[in-house]
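Here is the structure we will look at.
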Amino acid sequence: MKRAPVNKIIPFSNVDGPGNRTSVFFQGCPFDCLFCHNPETIHLCCDCGACVDQCPAKALRRDAEGRVAWDSGLCVQCDACIRRCPHDASPKIRWMTVEEVLGEIRRSAPYIGGVTTSGGECTLRNDFLIELFTEVQKLGKTCLIDSNGSFDFEADPRVLAVCDGVMLDVKAVSPAWNDWLISYPRDQVLKNLDYLLEAGKLQEVRTVIFPDRDAENETTVRYVAERIGDRCDYKIIRYRPYGVRERCQKVLGEYETDAAYAQRFADLAQSLGAGRAFVV
Ligand code: SF4
Ligand code: SF4
Ligand code: SF4
């Protein structure tokens, strides 16, 4: 039976797409964004054991096979394990079947409009998503993918046939800025931007605006705005340093992006035809 590593499921979220939604966060991401707010979602646990002794609730132990096991019933969610982990991982992962994830969705189903899958990067579990969305659609709920754009949707469009849209991060367009910020080639992301637009599956695009990075911010916003026009929302997101890694604060600064500065880029996007651009 197919299983996927689930970092967490939020039964009711109003920030992961339109309306009230259940959000399923999968573990694992091929990117290593400097400003990642959830770096513990990037890698799978390698059972090094460094976090076990840090747990004040004795919720972590080595099992008979030497793996690190997590007892959710004992866990007090203090996140000491995550702070200790040197591998950008978490011991608090559940390897779940589609039926198990669906079971949690069914409990919130009367109160939600749909389901959003996120991460990490949920498209690493493409076959799992296809099965999950097929079942969620039978409940009469919409399905959205929150993606960093690393998956080649054109080469394998099966998941698009069972989902309502993709919320796509376009973090950097200038190659040098992308290499420095993301540590992953940007070409697939930009290809997806065009492909998803043409396929009518682009729900929204998101770009984080960094303080005092005029040229880099403008290059990205121009590129996106000139392509999307009015065809989808464009979220201009203020950089906030909370929860990011220490090395990020050192190079990107300790201050969040000023609202007026971010608004400049929303205005620029609108002037280029992206009428649905707004700051969050
Ligand atoms: S794509 Fe998202 S989860 Fe992956 S490293 Fe970047 S910010 Fe973190
Ligand atoms: S978050 Fe849970 S598992 Fe991790 S250290 Fe705290 S109590 Fe232990
Ligand atoms: S979560 Fe991190 S520190 Fe804990 S065992 Fe896994 S890799 Fe090691």
Side-chain angles (χ1 to χ4, degrees), residues 5-8 15-16 23-63 65-95 116-125 145-151 166-172 177-186 188-190 192-193 204-210 220 235 237-245 247-249 251-252:
V6 174
N7 181 287
K8 66 182 168 195
V15 295
D16 295 307
S23 297
V24 184
F25 294 80
F26 290 85
Q27 185 74 10
C29 180
F31 285 14
D32 185 18
C33 302
L34 182 61
F35 61 100
C36 183
H37 286 82
N38 303 299
E40 75 278 6
T41 66
I42 294 177
H43 293 130
L44 289 173
C45 171
C46 63
D47 298 307
C48 74
C51 60
V52 173
D53 291 343
Q54 305 295 310
C55 179
K58 307 285 181 225
L60 299 175
R61 63 177 173 81
R62 284 213 183 265
D63 67 14
E65 282 104 42
R67 298 224 169 94
V68 171
W70 171 58
D71 186 332
S72 60
L74 294 177
C75 178
V76 295
Q77 301 295 349
C78 68
D79 283 350
C81 50
I82 286 169
R83 287 192 292 277
R84 175 64 184 87
C85 181
H87 302 293
D88 290 336
S90 167
K92 300 187 288 176
I93 300 305
R94 292 182 291 165
W95 283 87
T116 298
T117 57
S118 185
E121 174 54 31
C122 62
T123 60
L124 290 177
R125 305 288 163 182
I145 293 173
D146 180 337
S147 176
N148 63 18
S150 56
F151 183 76
V166 177
M167 300 184 289
L168 182 72
D169 288 332
V170 180
K171 299 169 196 281
W177 177 234
N178 181 80
D179 291 350
W180 190 75
L181 197 67
I182 313 296
S183 307
Y184 194 90
R186 52 156 217 170
Q188 186 60 58
V189 179
L190 302 185
N192 278 326
L193 177 65
E204 69 178 30
V205 180
R206 291 87 58 96
T207 296
V208 176
I209 299 297
F210 295 91
T220 309
K235 273 190 189 163
I237 301 174
R238 294 162 62 195
Y239 165 71
R240 296 170 175 92
Y242 318 115
V244 299
R245 288 172 282 198
R247 68 185 163 94
C248 173
Q249 290 200 1
V251 294
L252 284 173

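Atoms within each ligand, like the ligands themselves, are counted from 1 in listed order.
- Atom 5 (S) of ligand 3 has its closest protein heavy atom at G49 N, 3.2 Å.
- Judged purely by atom type and a 3.5 angstrom limit, Q249 uses its side chain to pair as donor or acceptor with the backbone of P241.
- With R84 contributing its side chain and V52 its backbone, the two residues share no donor-acceptor pair below 3.5 Å.
- At the shortest separation from atom 2 (Fe) of ligand 3 among protein heavy atoms lies C85 SG, 2.4 Å.
- Listed by number with element, the atoms of ligand 3 under 4.0 Å from a non-hydrogen atom of V68 are 5 (S).
- Per-residue contacts place D79 under 4.0 angstrom from the following atoms of ligand 2 (heavy atoms of the residue considered): 1 (S), 6 (Fe).
- If you look at atom 8 (Fe) of ligand 2, the protein N, O or S atoms less than 2.8 Å from it are C55 SG.
- A perpendicular orientation is assigned to the rings of Y239 and F35, their planes being inclined by more than 60° (bins at 30° and 60°).
- Of the possible donor and acceptor atoms, one in the side chain of N192 sits under 3.5 Å from a partner among the backbone N and O of G149.
- With hydrogens and angles ignored, the 3.5 Å screen pairs no side-chain donor or acceptor of T117 with any backbone N or O of C122.
- Under the 3.5 Å distance criterion, the side-chain polar atoms of S90 are left unmatched by any main-chain donor or acceptor of I82.
- The shortest side-chain heavy-atom distance between V189 and D169 does not fall under the 4.5 Å cut-off.
- Ring geometry for Y184 versus F31: interplanar angle of 30 to 60°, hence tilted.
- Regarding atom 8 (Fe) of ligand 3, its nearest protein heavy-atom neighbour is C48 SG, 2.3 Å.
- Judged by the shortest distance from any of its heavy atoms, H87 lies inside the 4.0 Å radius around the atoms of ligand 3.
- Using a 4.5 Å heavy-atom cutoff, the side chains of V68 and R62 are in contact.
- Checked by atom type and distance alone, the side chain of E121 pairs as donor or acceptor with a backbone atom of N148 at under 3.5 Å.
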- Can D146 and R206 be said to form a salt bridge (charged side-chain N to carboxylate O under 4.0 Å, His left out), step by step? CA-CA 10 Å; D146 180 337; R206 291 87 58 96; 2.6 Å; yes

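- Listing protein N, O or S atoms at distances below 2.8 Å from atom 8 (Fe) of ligand 1, with waters left out, gives C36 SG.
- The stretch residues 28-56 participates, sequence neighbours left out, in these side-chain hydrogen bond (donor to acceptor under 3.5 Å, both in side chains) pairs: D32-R245.
- With hydrogens left out, the protein atom closest to atom 6 (Fe) of ligand 3 is C45 SG, 2.3 Å, a heavy atom.
- The side chain to side chain donor-acceptor pair (under 3.5 Å) check on D179 picks up nothing, with sequence neighbours excluded.
- Counting atoms of ligand 3 from 1 in the listed order, those under 4.0 Å from a heavy atom of P86 are 3 (S).
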